[in-house]
Amino acid sequence: MNTTTATPTVSPKDFTRVNNDTNGNPRYVIHFLNLSKDEDRTSLNAKNPGHLTDVNSLYSIALKRAKKIGGKKFHNKQYGGGIVFQSYNIQATADRINELLTTGK
């Protein structure tokens, strides 16, 4: 039986609008699990079998991936585990994340 894992897709509905930055630019936050793949969890479980996947490691992988397209760690109590993007076109940001998840570039 041939099983393939579906790549998660990100849409503008997955983002939460937060306050503008100091220059007035719009910002959107997305949860880091939207930027992680099943392969990330599988590789972490292979390194440490029998244990739960380390959330900090998953967050680090997702943050490293997000930084390639301008994402930053969201330092705020209102949204734990968030990655923030500055964007005037949230659809283009979602498309870029989907491209990053499928191709890795």
Side-chain angles (χ1 to χ4, degrees):
M1 180 176 182
N2 187 5
T3 59
T4 58
T5 54
T7 304
T9 57
V10 175
S11 72
K13 293 178 185 179
D14 296 323
F15 290 88
T16 302
R17 180 79 160 87
V18 293
N19 291 336
N20 293 351
D21 66 5
T22 56
N23 296 318
N25 299 314
R27 298 187 313 155
Y28 296 88
V29 176
I30 191 167
H31 197 269
F32 79 94
L33 289 176
N34 292 85
L35 288 159
S36 65
K37 298 191 268 185
D38 289 335
E39 294 86 31
D40 300 335
R41 293 182 194 97
T42 305
S43 66
L44 287 174
N45 285 333
K47 292 178 186 176
N48 199 0
H51 292 91
L52 295 175
T53 302
D54 186 10
V55 176
N56 290 333
S57 297
L58 274 177
Y59 186 79
S60 296
I61 292 168
L63 186 59
K64 183 178 178 183
R65 190 173 285 140
K67 284 184 177 184
K68 292 180 182 178
I69 58 173
K72 296 179 181 176
K73 184 176 181 180
F74 189 55
H75 301 279
N76 202 315
K77 290 182 182 179
Q78 74 186 47
Y79 199 100
I83 297 175
V84 65
F85 291 92
Q86 175 186 321
S87 178
Y88 282 95
N89 185 349
I90 199 63
Q91 180 63 52
T93 304
D95 292 342
R96 184 67 181 104
I97 290 172
N98 289 327
E99 179 183 339
L100 187 64
L101 290 172
T102 56
T103 64
K105 297 179 184 178

- Query: Who are the side-chain contact (heavy atoms from CB on, under 4.5 Å) partners of T16, not counting sequence neighbours?
  - Reply: Y79
- Query: So if you build clusters from Ile, Leu, Val, Met, Phe, Trp, Tyr with side-chain heavy-atom gaps below 4.5 Å, do V29 and L33 land together?
  - Reply: no
- Query: side chain to side chain donor-acceptor pair (under 3.5 Å) with N76: which residues, sequence neighbours excluded?
  - Reply: none
- Message: Could you work out, with side-chain contact (heavy atoms from CB on, under 4.5 Å) as the rule, every residue matching N25, not counting sequence neighbours?
- Response: D21, N23, Q86, Y88
- Task: May I ask whether V18 and F32 are part of the same hydrophobic cluster, defined by side-chain heavy atoms of I, L, V, M, F, W, Y residues being less than 4.5 angstrom apart, directly or through others?
- Result: no
- Query: Are F15 and N34 side-chain neighbours, meaning at least one heavy-atom pair lies under 4.5 Å?
  - Reply: no
- Item | T103 side, atom OG1; N98 side, atom CG - distance, nearest 0.5 Å | 10.5 Å
- Consider only side-chain heavy atoms of I, L, V, M, F, W and Y, link residues closer than 4.5 Å, and tell whether I30 and Y28 are in one cluster. yes
- Item | Where S36 and L58 come nearest, the two heavy atoms and their spacing | CB-CD2, 4.4 Å
- Rounded to the nearest 0.5 Å, what's the gap from NZ on K37 to CG on L100? Could you check? 7.5 Å
- Query: Listed by chain and number, what are the side-chain contact (heavy atoms from CB on, under 4.5 Å) partners of S57, not counting sequence neighbours?
  - Reply: L44, D54
- Just one of I97, D95, L35 clears the side-chain contact (heavy atoms from CB on, under 4.5 Å) bar with V10, so which one? I97
- Message: Please enumerate all residues that pass side chain to side chain donor-acceptor pair (under 3.5 Å) together with R65, with sequence neighbours excluded.
- Response: D40
- Considering all heavy atoms of both residues, which atom of G80 and which atom of H31 are nearest to each other, and what is their separation? O-CD2, 3.6 Å
- Task: Not counting sequence neighbours, which residues clear side-chain contact (heavy atoms from CB on, under 4.5 Å) with K73? List them please.
- Result: Y59, L63, H75
- Which pair of non-hydrogen atoms, one from F74 and one from I83, has the smallest distance, and what is that distance? CB-N, 4.3 Å
